[in-house]
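Below: the structure, in structure tokens.
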Amino acid sequence: MDSEPVKFPKDFLWGASISSHQVEGFNFNDWSEWEHQNASRLSAEAEAKFADKVPDWEAIRTMATSPANYISGLASDHYARYKEDIALAKELGLTSFRFSVEWSRVEPKEGEYNQEAIDHYVDFVSRLKQAGIEPMVTLHHRTNPLWVRDQNDWQNKKTVDDYARYVSKMVDAFKGEAKLWNPINEPMMSLVGGYLGGVYPPGKKNLFAALRVFRNMITAQKRAYQIIHSSIPGASVGLSHAAMVAQPYKNKILNRPLAKLLNYLTNDLLLKRMTYDFVGVQYYARAVIDFKIGWPPKVEEVPQPGPTSDMGWAFYPEGLYQFCKHVFARYKKPIYVTENGVTDADDDLREKYIKQHLFWLKKAMEEGVEIKGYFYWAFLDNLEWDKGFWPRFGLLEVNYQTYERKVRSSARAYSEIIKNSGFGADEVA
Ligand code: BGC
């Protein structure tokens, strides 16, 4: 790697991300119900799912095989401790913070708003601003109020109108204090997980349902875009997108078109239809895929060598560069990296992970890609959806007995990067 320091512009935003359901605690929505219905099954399946895939199964076995691991409960107790969390974000020098508003708190029953919850988020945003931290607001991060679920969630066109009404409510509540918005987090992940793979609520495997959700989310994003722009001058509305970087295993002949197709279906199909001012790139690792001839034919992900996260995802920082280059060349929209992070309970890889990804990000910027900020996922340890609490993504370590936060040493290193607008090239390897 070259020896020039890895420097970022002064106005580059340095942030971290969280989402409501994963950190707040005591949410009542479609996910929390699904957790109760599926905790026993998930704990019983854990060994078969993870024992061969994660680098240290013994370290996580007790948690992963316990049903309690899959119940969000108090989560990271962030709803109650948000002031402390903002103070820690300030102490680390973050200049931006991405969080999500929990629709089920704001509108627990159709048309009935909970003013206390709205005030909570308004206070959250104004405290961020007072701390000199630019908020980035996500309005939907995978969870739905129970009444939305009961009307057939995003499969129902009516949900788009309901969502638009909720968006207007929050846009009015923030009174222009928030300029950066993500209406819907990773529409493709919600769709693939919930309606094709059946692994997230509502647990469907139905192409027609998925297509309805796809269409409705596109309309919902567009409506949110219009609502936000019509009331907030200078607002910027992004599409936060789970970056698929699929590559062919051993460059085998059938794998090549397959990887291309997968990239097209999961990235471009959405990016070319959605309405947005910036792309929120959410990148963790690549997927090296192998097509297995047989009946039925199978597509398998091939584990890669090198350092891997606690979840077994191998580092591939160059993928961030490749994805940003592709997206910018094709869609010509500025980029924020709205999520990038690693599960690393011992905290011996996180600093390296961040620096390597930033190194490749900078390379893309030098080659003309407009990248305006980087948000580490996650600000603090949280519920990793259907995996529960054992994956530790946080800059802050959460003690799940006391809910105390501890600043990890990688968070201090990130803080140094922010202070210096970069780091030395020798720190990357
Ligand atoms: C999601 C987060 C999730 C993270 C790590 C993203 O797909 O937006 O909610 O925790 O990836 O899996």
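Computed from heavy atoms alone, side chains included, the values below leave out hydrogens, waters and symmetry copies. Along the sequence shown, the residues carry numbers beginning at 1. First listed ligand is number 1; within each ligand, the first listed atom is number 1.
Not less than 6.0 angstrom separates the ring centroid of Trp14 from the ring centroid of Phe375. Between Phe214 and Trp154, the ring center distance fails the sub-6.0 Å criterion.
Other residues, nucleotides and ligands contribute over 12 non-hydrogen atoms within 6.0 Å of the NZ atom of Lys333.
Among Glu416, Lys355, Glu351, the single residue meeting the side chain to side chain contact (heavy atoms under 4.5 Å, CB included) criterion with Phe423 is Lys355.
Partners of Asp277 according to the salt bridge (Lys or Arg N to Asp or Glu O under 4.0 Å) rule, which considers only residues two or more places apart in sequence or in another chain, do not exist here.
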Check ligand 1 for close polar pairs with the protein: N or O on both sides, less than 3.5 Å.
| residue | atom | partner | partner atom | Å |
| --- | --- | --- | --- | --- |
| ligand 1 | 7 (O) | Arg142 | NH2 | 3.2 |
| ligand 1 | 7 (O) | Glu186 | OE1 | 2.6 |
| ligand 1 | 7 (O) | Glu186 | OE2 | 2.9 |
| ligand 1 | 8 (O) | His141 | NE2 | 3.1 |
| ligand 1 | 8 (O) | Asn185 | ND2 | 3.0 |
| ligand 1 | 8 (O) | Glu339 | OE1 | 3.1 |
| ligand 1 | 8 (O) | Glu339 | OE2 | 2.9 |
| ligand 1 | 9 (O) | Gln22 | OE1 | 2.8 |
| ligand 1 | 9 (O) | His141 | NE2 | 2.9 |
| ligand 1 | 9 (O) | Trp385 | NE1 | 2.9 |
| ligand 1 | 10 (O) | Gln22 | NE2 | 2.9 |
| ligand 1 | 10 (O) | Trp377 | NE1 | 3.4 |
| ligand 1 | 10 (O) | Glu384 | OE1 | 2.6 |
| ligand 1 | 11 (O) | Tyr284 | OH | 3.4 |
| ligand 1 | 11 (O) | Glu339 | OE1 | 3.3 |
| ligand 1 | 12 (O) | Glu384 | OE2 | 2.5 |

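By the 6.0 Å and 45° rule, Arg286 stacks over the aromatic ring of Tyr316.
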